[in-house]
Structure formats: structure tokens, C-alpha cells
Amino acid sequence: MPFDKPPTATALAVPVPEVDLMTLTAFDDIETVEGTIPCRSYDPEVFFAESPADVEYAKALCGECPVRAACLQGALERREPWGVWGGELFIQGVVVARKRPRGRPRKTEVAA
């Protein structure tokens with residue numbers, strides 16, 4: 001299921017305060033930062049997508065997130081089984097550079 005393109009750099013150029021995950025657990029702080037946190041603004045299924053293109057889209061959404069580092073650190077500590085956390089793809093609790101498409105790999109290179 002394709003999703004809209006990620007926001008452009010100019011759309012994300014609004015100054016965003018640096019926030020850690022512990023700060024976000026307080027309800028009053030969530031309201032002030034929630035609009036700038038992609039996982040709270042977009043469909044959660046984006047961050048658990050099956051297709052490689054959708055996974056790359058989710059990783060792009062995390063690019064300017066103010067809690068990206070804390071999110072990644074928390075996911076590493078919890079050994080998240082899968083999904084995009086802190087701009088990285090987790091598969092079986094390990095960070096993976098990119099998701100391979102389903103099916104067998106091609107025997108020959110495809111001309112780009």
C-alpha cells in the first residue's frame with residue numbers, strides 16, 4: 001500500500017525542541033511536541049510496512065524527528081522484533097540496512 005511522499009526539508013524547517021522519551025510520557029509535554037513526531041502524526045502501519053519502498057518512506061519520516069536518537073536507543077534496549085524505530089529498520093531485533101523484496105533474488109543484474 002503506497003503512502004504519500006515524505007515531507008520536504010522546507011516543510012520540516014520549523015525549529016523543533018529536542019525532547020527525550022521520558023519527557024514525552026507526561027501528558028502535557030506530548031501535546032506540545034506531538035505534531036512534530038511522525039509516528040504520532042502518520043498511520044502507524046507506515047512504520048511496520050512490508051514493501052521496501054514503504055519502509056524507506058517510514059525511515060525518511062524519522063529524519064527530522066526530535067526523539068529519533070532516544071527512540072532508536074529504546075528500541076535497541078527493548079530488542080524490538082520488527083518495524084522502523086528511530087529511522088532504522090529492525091528485523092528479528094537486529095538493525096538491518098534495507099529490506100529485501102519478497103521472492104527469490106534475480107540471477108542476473110537488472111540494468112537501471
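Remark: Q73 pairs with E77 by the side-chain hydrogen bond (donor to acceptor under 3.5 Å, both in side chains) rule, at least two apart or across chains.
Tracing side-chain contacts under 4.5 Å through hydrophobic residues (I, L, V, M, F, W, Y), one reaches L61 starting from V95; they form part of the same cluster. Under the 4.5 Å side-chain heavy-atom criterion for grouping Ile, Leu, Val, Met, Phe, Trp and Tyr, V96 is connected to F48 within one hydrophobic cluster.
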For residues 79-89, tabulate all N or O donor-acceptor pairs below 3.5 Å that involve a side-chain atom, not counting sequence neighbours.
from: E80; atom 1: OE2; to: R78; atom 2: NE; distance (Å): 2.7
from: E80; atom 1: OE2; to: R78; atom 2: NH2; distance (Å): 3.2
from: W85; atom 1: NE1; to: W82; atom 2: O; distance (Å): 3.2

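Contact detail for C39 and F47: the closest heavy-atom pair is CA-CE1, 3.5 Å. Counting all heavy atoms, side chain and backbone alike, I37 lies closest to C65 at CG2-SG, 4.2 Å.
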